[in-house]
Amino acid sequence: VQLQASGGGLVQAGGSLRLSCAVSGVLFRNNGVGWNRRAPGKETELVATITTDGIRHYAEFVKGRFTISRDDSKSTVYLQMSSLKPEDTGVYYCFRLIAPDVWGQGTQVTVSS
């Protein structure tokens, strides 16, 4: 199984980014997926998840600002991030709900103040 995240970058506070994660090696439509993040010196935080039925869950600190979505035809999960804050800085990883400890290569998000 491979999970390849992309779309990170440097953005000013208040800006937006769209992350993508391509999942291969499994039947994507049968997998709930999610995003978490890790900032330097901090523990890993769950950001958002989406089930195979499209049910979404968000961490309180991103509600109203981030949107998770999936495209089963592309085996890809997205994270649309808006109104970014410096505290959103970190490496973002995607994962499958059935294997939450297995992450692929993450993507760095840096939000400047």
Side-chain angles (χ1 to χ4, degrees):
V1 179
Q2 289 190 327
L3 305 101
Q4 181 68 51
S6 61
L10 173 63
V11 64
Q12 288 188 332
S16 299
L17 283 174
R18 187 196 193 203
L19 306 185
S20 301
C21 178
V23 181
S24 60
V26 293
L27 193 56
F28 182 78
R29 66 172 181 265
N30 289 351
N31 283 266
V33 286
W35 290 91
N36 54 26
R37 69 187 186 190
R38 177 176 285 174
K42 294 185 178 181
E43 294 189 354
T44 302
E45 296 178 305
L46 175 65
V47 176
T49 60
I50 184 168
T51 68
T52 55
D53 295 332
I55 298 173
R56 297 168 171 85
H57 167 81
Y58 296 97
E60 283 296 325
F61 53 79
V62 303
K63 280 185 178 178
R65 300 189 298 122
F66 291 9
T67 301
I68 188 171
S69 61
R70 60 188 294 154
D71 186 339
D72 289 352
S73 69
K74 296 181 179 180
S75 298
T76 299
V77 57
Y78 303 97
L79 187 68
Q80 178 67 49
M81 307 186 295
S82 302
S83 302
L84 283 162
K85 305 175 181 180
E87 51 264 45
D88 293 319
T89 294
V91 180
Y92 285 69
Y93 301 88
C94 64
F95 62 94
R96 296 184 299 141
L97 300 188
I98 198 171
D101 295 330
V102 178
W103 309 343
Q105 180 177 336
T107 187
Q108 175 71 48
V109 172
T110 303
V111 185
S112 63
S113 57

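Worth saying up front: this structure is predicted, and the values here are computed from it rather than measured.
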So, for [X] and [Y], which heavy atoms are closest and what is the spacing to 0.1 Å?
X	Y	answer
R38	K42	CG-O, 4.2 Å
S20	T76	CB-CG2, 4.2 Å
L97	P100	O-CD, 3.4 Å

Would [X] and [Y] show up in the same hydrophobic cluster when neighbours are defined by side-chain heavy atoms closer than 4.5 Å?
X	Y	value
V26	W103	no
F61	V109	yes
Y93	L3	no
L79	F28	yes
L46	Y58	no

Say you draw a straight line from [atom1] of [X] to [atom2] of [Y]; how long is it, rounded to the nearest 0.5 Å?
X	Y	atom1	atom2	answer
S113	L84	OG	CG	13.0 Å
T49	N36	OG1	CG	11.0 Å
R56	K63	CZ	NZ	14.0 Å

Contact check, side chains of [X] and [Y], non-hydrogen atoms, under 4.5 Å:
X	Y	answer
M81	Y92	yes
Q108	T89	yes
H57	T51	no
F66	Q80	no
R96	V1	yes

Checklist entry - Does anything in residues 21-113 pair up under disulfide bond (SG atoms under 2.5 Å apart), and if so which pairs, sequence neighbours excluded? => result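 Every pair satisfying disulfide bond (SG atoms under 2.5 Å apart) with a residue in residues 21-113: C21-C94.
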Next on the checklist: Side chains of S73 and D71 only: does a donor on one sit below 3.5 Å from an acceptor on the other?
Outcome noted: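 Yes - a donor-acceptor pair under 3.5 Å links their side chains.
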Checklist entry - Is it the case that S83 and R65 place a side-chain donor and acceptor less than 3.5 Å from each other? => result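 No - no donor-acceptor pair under 3.5 Å links their side chains.
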Next on the checklist: Is it the case that the side chain of T107 and the backbone of G8 share a donor-acceptor pair, with hydrogens and angles ignored and the cut-off at 3.5 Å?
Outcome noted: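 Yes: the side chain of T107 pairs with the backbone of G8.
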Next on the checklist: Has N30 got a side-chain atom pairing as donor or acceptor with L27's backbone, closer than 3.5 angstrom?
Outcome noted: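 No, N30 side chain to L27 backbone: no donor-acceptor pair under 3.5 Å.
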Item to check | I68 and its side-chain contact (heavy atoms from CB on, under 4.5 Å) partner, picked from L19, V77, V62, V47 | outcome: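 Only match with I68 under side-chain contact (heavy atoms from CB on, under 4.5 Å): V77.
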Next on the checklist: Does I98, at its CD1 atom, have more than 12 non-hydrogen atoms belonging to other residues, nucleotides or ligands within less than 6.0 Å?
Outcome noted: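 Open.
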Item to check | Pair V33-I50, side chain to side chain contact (heavy atoms under 4.5 Å, CB included): steps then yes or no | outcome: CA-CA 6 Å; V33 286; I50 184 168; 3.7 Å; yes
Checklist entry - Listed by chain and number, what are the salt bridge (Lys or Arg N to Asp or Glu O under 4.0 Å) partners of D72, not counting sequence neighbours? => result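 Applying salt bridge (Lys or Arg N to Asp or Glu O under 4.0 Å) to D72 gives R70.
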